[in-house]
*Asks:* 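Okay, handing you the structure first.
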Amino acid sequence: MKVIVLVKQTFDTEAKIDLKDGKINDAGINLIINPYDEVAVEGAIQLKEKGIATEVVVMSAGADKAMDAIRTALAMGADRGILVKQDTAADEYARATALAAAIKEENPELILAGHVAADDGSSQVPTRVAEILGLPHVNVMTAVEIAGGKATCTCEADGGTSVIEVSLPAVISSQVSWNEPRYPSMKGIMAAKKKPVATKDGVAVANKVNIVEFALPAAKQAGIKVEDDADVCAAKLGEWMKSVVKVEVK
Amino acid sequence: MAGTWVFVEQKDGNIRKVTYEMLSECKKGSDEVAAVVFGQGVEGLAGELAKYGADKVYVADDAIFANYNTGAFVAQIVAMINEFSPNAVLFAHSFNGRDMASRLAQKLDTGLATDAVAAEISAGKGLFTRAIYAGKALAKVEVAGSPVLATIRPGVWEVGSTAGAGAVVKAAVAATAADVYQIMKEFKPTVSARPDLAEAAVVVSGGRGCKGPDGIKLVEQLADMLGAAVGGSRASIDSGWLGHELQVGQTGKVVLPNLYIACGISGAIQHLAGMSSSKFIAAINTDTEAPIFGVSDFGVVADLFKVIPLLMTELKK
Ligand SMILES: Cc1cc2nc3c(=O)[nH]c(=O)nc-3n(C[C@H](O)[C@H](O)[C@H](O)COP(=O)(O)OP(=O)(O)OC[C@H]3O[C@@H](n4cnc5c(N)ncnc54)[C@H](O)[C@@H]3O)c2cc1C
């Protein structure tokens, strides 16, 4: 079974965000694999280790520097990579269009991705890719079993947990609790350098969503801080909760 | 083209608060507000939806809609959009809402603004404010389309009291078994007497400073006293003291309560991303330098094992 994992290169979650000329300033920011996608990479590698997947292909749509994200996934243990070159300003529709076209050429049986990107937080691309390819999809998967041409996914759902079965090929998006991604080993990093990565131009379509402006949220001001004995702290905090916040006590 | 539609989030006839928030906010505008509800035996919900502003209630009632499934829900709403041509359709930014809206948007070849925290909708166009980089920045985006599509973050709008006429329109069932590609094998509801983290008015969270289940128990006792939801930092989730669905932060849930109480949480940037928009923030931490104090309205530098029991006594007074 061939598995394609979609990975997006995002800012490190530690990054402080500021604006420059009205745009998000990316100067000096460390770039990583979107943490949700990293879990999908790990999951795909584990499927291969269990003998369920035969090949793990990582695919990223983005600028040339997204190659670093692909190399990291290869160092973790993926077999080969595909960089779909695309303007980083592509919206979810344009991105899904380019990815779906590139996936189609590969004919995988399983497409994995994180359920949301840590930068734009939009959670649309995997589902859009499935719709374009006419495939079933399942979102926010925390565990999966693959057998008999079917994937049985345990998913985080509104108000509980669901178990959903789809037939393959399918697009499945992962939640971070699926697994704990491994760090690439020194051997893995060396091996990754020799693994094949194809580069292709992404299908270009116009965005459907346009960014009008960026802003920074109003900074929260620190308020009162009490450093005293526990009983004084508790009394003052309780008083504030009752008089200012007006909490209801059961 | 007319009308702003609000897709109703309900499970077994219980409507989620975010539905009322969206209806109330849309009712402030001049466009007709319609609630769209899919389910089995859900016609009776119309009265409740009218109370919060639904002028019309479109109902698709059938066994195929008993549980959420993307294929049937999308096929049904596509048929209804083609028949009634709404100007905009708003969904909750819940797991189901974002799933349905994404598949729908692609089917209609249109744009979608997910996780919007503000909206201005006019004919054929919507301007939405979205929190990006886990709330570290905001982007205003323009979505053109007919209809305009968005998912709205729960908790950003107030529930109002302006009622609508609530005229029921029964929609013909357009979804068929052939549209269903996900088979629901099981649904395990979260058994908790506590409110949902994403909707709670008060959230009490515990971090590594709780040191183990005993500290978490104190957090839970305080939460129960306040009718609050319990949350946690990644440290307490990774330690197995709390379930993963209770993680607050960049890779967990974003919460917007009236009051957030952080107990033994340092305030890492990834944690702040999930809670710093709360109306009031209180922190209990032994380290006066902890970054959580930088966003707190009321901080106490003290041991949570001593302060929480004393606080509970204080609150009972
Ligand atoms: C990609 C990525 C995503 C992440 N996503 C998230 C996320 O979504 N949510 C999240 O929370 N974290 C997330 N993290 C982890 C984050 O960086 C921090 O490691 C985590 O939030 C720390 O949790 P903590 O505050 O409980 O623990 P610590 O940072 O260890 O803080 C414990 C605090 O408890 C205090 N304390 C100790 N004893 C007591 C006592 N007796 N009484 C009172 N206070 C006491 C200490 O002074 C300290 O401030 C993420 C990290 C990465 C890399």
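A, B, ... follow the sequence lines: proteins, then strands. Residue 1 opens every chain.
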*Asks:* So which of B/I308, B/L104, B/T190, B/D238 has the biggest tally of heavy-atom pairs under 4.5 Å with chain A?
*Replies:* B/T190
*Asks:* Quick one: closest heavy-atom pair of A/M241 and B/L259, and the distance?
*Replies:* CE-CD2, 4.1 Å
*Asks:* Which residue is it: A/I17, A/I24, A/D119? I am looking for the one with a side chain to side chain contact (heavy atoms under 4.5 Å, CB included) to B/I132.
*Replies:* A/I24
*Asks:* For A/A230 and B/K306, work out which heavy atoms get closest and say how close.
*Replies:* CB-CB, 3.7 Å
*Asks:* Quick check on B/L311 against chain A: is it the side chain, the backbone, both or neither that has a heavy atom closer than 4.5 Å?
*Replies:* both
*Asks:* Side chain, backbone, both or neither: which part of B/K279 has an atom under 4.5 Å from a heavy atom of chain A?
*Replies:* backbone
*Asks:* Against chain B, label A/D228 side chain, backbone, both or neither, depending on which of its atoms sit under 4.5 Å from a heavy atom there.
*Replies:* backbone
*Asks:* Between A/H137, A/H115, A/E180, A/E92, who has the most heavy-atom pairs with chain B when the cutoff is under 4.5 Å?
*Replies:* A/H137
*Asks:* Do any N or O atoms from the side chain of B/R16 and from the backbone of A/D158 form a donor-acceptor pair under 3.5 angstrom?
*Replies:* no
*Asks:* Report which part of B/A105 has an atom under 4.5 Å of a heavy atom belonging to chain A: side chain, backbone, both, or neither.
*Replies:* both
*Asks:* For the atom pair CG (B/L226) and CD (A/E248), what is the distance rounded to the nearest 0.5 Å?
*Replies:* 10.0 Å
*Asks:* Considering only heavy atoms and a distance below 4.5 Å, find which of A/V125, A/D229, A/L135 pairs most often with chain B.
*Replies:* A/L135
*Asks:* Evaluate the criterion side chain to side chain contact (heavy atoms under 4.5 Å, CB included) for residue pair B/E314 and A/E239; output intermediate values, then yes/no.
*Replies:* CA-CA 8 Å; B/E314 186 66 31; A/E239 174 57 25; 5.5 Å; no
*Asks:* I would like to know whether A/V163 and B/M184 meet side chain to side chain contact (heavy atoms under 4.5 Å, CB included); could you show each step before the answer?
*Replies:* CA-CA 6 Å; A/V163 179; B/M184 167 96 80; over 6 Å; no
*Asks:* With a 4.5 angstrom heavy-atom cut-off, could you sort out which part of B/D99 is near chain A: side chain, backbone, both or neither?
*Replies:* both
*Asks:* Compare all side-chain heavy atoms of A/V244 with those of B/F280 and state whether any distance is below 4.5 angstrom.
*Replies:* yes
*Asks:* Relative to chain A, which segment of B/Q247 carries a heavy atom at a distance below 4.5 Å: side chain, backbone, both, or neither?
*Replies:* neither
*Asks:* Using 4.0 Å as the upper bound for N to carboxylate O, is an ion pair formed by B/K253 and A/E156?
*Replies:* yes
*Asks:* Can you see which heavy atom on A/Q124 is nearest to which on B/T114, and at what distance?
*Replies:* NE2-OG1, 3.5 Å
*Asks:* B/T286 versus chain A, heavy atoms under 4.5 Å apart: side chain, backbone, both or neither?
*Replies:* neither
*Asks:* CD/A/Q175 to NE2/B/H244 distance, rounded to the nearest 0.5 angstrom?
*Replies:* 5.0 Å
*Asks:* Nearest heavy-atom pair of B/I281 and A/W240: which atoms, and what distance?
*Replies:* O-CH2, 4.0 Å
*Asks:* Select, from B/V141, B/L138, B/V307, the one with the greatest count of heavy-atom pairs under 4.5 Å involving chain A.
*Replies:* B/L138
*Asks:* Tell me, for B/L127 versus chain A, whether the close heavy atoms (under 4.5 Å) come from the side chain, the backbone, both or neither.
*Replies:* side chain
*Asks:* Which atoms of A/V140 are under 4.5 Å from chain B, going by heavy atoms: the side chain, the backbone, both sets, or neither?
*Replies:* side chain
*Asks:* Would you check if the side chain of B/K107 reaches a backbone N or O of A/E131 as a donor-acceptor pair within less than 3.5 Å?
*Replies:* no
*Asks:* How far apart are the C-alpha atoms of B/L112 and A/Y93, what are their side-chain angles, what is the distance that settles it, and do they pass the side chain to side chain contact (heavy atoms under 4.5 Å, CB included) test?
*Replies:* CA-CA 9 Å; B/L112 164 67; A/Y93 168 81; over 6 Å; no
*Asks:* Among A/G238, A/A157, A/G159, which residue has the highest count of heavy-atom pairs closer than 4.5 Å to chain B?
*Replies:* A/G159
*Asks:* To the nearest 0.5 Å, tell me how far A/E213 CD sits from B/E142 CD.
*Replies:* 12.0 Å
*Asks:* Which atoms of B/D196 come close to chain A, meaning under 4.5 Å heavy atom to heavy atom: side chain ones, backbone ones, both, or neither?
*Replies:* neither
*Asks:* Checking A/V209 against chain B: side chain, backbone, both or neither under 4.5 Å from a heavy atom?
*Replies:* both
*Asks:* Of the listed residues (A/A96, A/S122, A/G121), which shares the most heavy-atom pairs with chain B below a 4.5 Å separation?
*Replies:* A/S122
*Asks:* Any sub-3.5 Å donor-acceptor pair from A/E227's side-chain atoms to B/T288's backbone N or O?
*Replies:* no
*Asks:* If you measure from CG on B/N69 to OG on A/S162, what distance do you get to the nearest 0.5 Å?
*Replies:* 11.5 Å
*Asks:* At a heavy-atom separation under 4.5 Å, does B/I261 approach chain A through its side chain, its backbone, both, or neither?
*Replies:* side chain
*Asks:* Out of B/R103, B/Q182, B/K136, return the one with the most heavy atom pairs under 4.5 angstrom to chain A.
*Replies:* B/R103
*Asks:* Is it true that, when you exclude B/Q221 itself, more than 12 heavy atoms of the residues, nucleotides or ligands shown sit nearer than 6.0 Å to its CD?
*Replies:* yes
*Asks:* Distance from A/I211 atom CD1 to B/K140 atom NZ, nearest 0.5 Å?
*Replies:* 13.5 Å
*Asks:* Taking the side chain as C-beta and beyond, is there a heavy-atom pair between A/K242 and B/L315 under 4.5 Å?
*Replies:* yes
*Asks:* To the nearest 0.5 Å, what is the distance between NZ (B/K185) and SG (A/C153)?
*Replies:* 12.0 Å
*Asks:* Ignoring hydrogens, what is the shortest heavy-atom contact between A/S123 and B/S102? Give both atom names and the distance.
*Replies:* O-OG, 3.4 Å
*Asks:* Side-chain contact, heavy-atom cut-off 4.5 Å: B/T251 with A/Y36?
*Replies:* yes
*Asks:* Under 3.5 Å, is there a donor-acceptor pair between the side chain of A/K236 and the main chain of B/F298?
*Replies:* no
*Asks:* Quick one: what part of B/S94 sits under 4.5 Å from any heavy atom of chain A, side chain, backbone, both or neither?
*Replies:* both
*Asks:* Check the angle between the aromatic planes of B/Y133 and A/F11 and answer parallel, tilted or perpendicular using the 30° and 60° thresholds.
*Replies:* tilted
*Asks:* Which residue out of A/P35, A/A130, A/S167 racks up the most heavy-atom pairs below 4.5 Å with chain B?
*Replies:* A/A130
*Asks:* Which bit of B/D224 is near chain A, if near means a heavy-atom gap under 4.5 Å: side chain, backbone, both or neither?
*Replies:* backbone
*Asks:* Passes side chain to side chain contact (heavy atoms under 4.5 Å, CB included), B/N258 versus A/V245? Steps please.
*Replies:* CA-CA 8 Å; B/N258 185 45; A/V245 185; 3.8 Å; yes
*Asks:* Counting only heavy atoms closer than 4.5 Å, note whether B/I284 contacts chain A via side chain, backbone, both or neither.
*Replies:* side chain
*Asks:* Determine the option with the most heavy-atom pairs under 4.5 angstrom with chain A, choosing from B/V202, B/I237, B/V74, B/T70.
*Replies:* B/T70
*Asks:* Chain B heavy atoms under 4.5 Å from A/A218: which part of the residue, side chain, backbone, both or neither?
*Replies:* neither
*Asks:* Quick one: of B/Y181, B/F128, B/Y68, who has the most non-hydrogen atom pairs under 4.5 Å with chain A?
*Replies:* B/Y181
*Asks:* Where do A/P217 and B/A137 come nearest, in terms of heavy atoms and distance?
*Replies:* CD-CA, 3.9 Å
*Asks:* Do A/K225 and B/S296 meet the criterion of a side-chain donor-acceptor pair at a distance under 3.5 Å?
*Replies:* no
*Asks:* If you count heavy-atom pairs under 4.5 Å with chain A, which of B/D297, B/D115, B/L310 comes out on top?
*Replies:* B/D297
*Asks:* Just by distance, no angles: are the side chains of B/Q250 and A/T13 close enough, under 3.5 Å, to form a donor-acceptor pair?
*Replies:* no
